[in-house]
J.: 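Can you read through this structure? Questions will come right after.
Both counts, for ligands and for their atoms, begin at 1 and track the order of listing.
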Amino acid sequence: MAMVFLGCKKEDEVAVHPELRPHFESFKEEAATRGITVDFEKRPIGGELISDPERSELGWCDTENGTDQIVRINVLFWPVLTPLNQEKLVYHELGHCFLRRAHLDEKNMQGRCLSIMHSGQVCSDNYSLDTREQYLDELFLQIRRSQP
Ligand SMILES: [Zn+2]
């Protein structure tokens, strides 16, 4: 059964929730402007808005069936985030799922996280329209500037 199902499933049918889709698209574009190819057809990643009573995080990257990767966003928090924070959250989870990055809690002199891949336990970032470019350079290219 499972084999038949997988055999019939086309890669582009991996579901991404409509509210997450624009962020998946812009992630791909931001990567492209930095010379990084993000091909969700070759490496399909799902995107879900879900409620999981076991989890209190804003989002996480899940692996199912050993390989299928899914960005899961906590539906309880999603509606109260600003569009910029929604973007940052999806990018963080795609950082895990697609870029295979781990958490990074490096800080600058002011104690700000230098990466949006921070764990949320040590420091907070300063992600805004002014600092977005630097944070995305860090996300895709791992270039860390001292003053994001
Ligand atoms: Zn994380």
J.: I'd like to know if the side chain of Arg101 reaches the main chain of Leu139, judged simply by a donor and an acceptor atom lying under 3.5 Å from each other, with no hydrogens or angles considered.
T.: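 Here the side-chain-to-backbone pair exists.
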
J.: Rounded to the nearest 0.5 Å, how far does CD1 of Ile50 lie from CG of Leu76?
T.: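 Here the rounded value is 10.0 Å.
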
J.: Any sub-3.5 Å donor-acceptor pair from Tyr135's side-chain atoms to Asn126's backbone N or O?
T.: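 Answer holds: yes.
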
J.: At a cut-off of 2.8 Å, list the protein N/O/S atoms near the Zn ion (ligand 1), residue plus atom name.
T.: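 Less than 2.8 Å away from the Zn ion (ligand 1) sit His92 NE2, His96 NE2, His103 NE2.
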
J.: Can we call the ring centroids of His17 and His23 under 6.0 Å apart?
T.: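 They do not qualify: ring centres at least 6.0 Å apart.
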
J.: Which heavy-atom pair separates His118 from His92 by the least distance, and what is that distance?
T.: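 Here His118 and His92 meet closest at O-CE1, 3.2 Å.
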
J.: Is Arg132 positioned over the aromatic face of Tyr127, cation under 6.0 angstrom from the ring centre and no more than 45 degrees off axis?
T.: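 Relative to the ring axis of Tyr127, which defines the angle, Arg132 lies outside at least one limit.
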
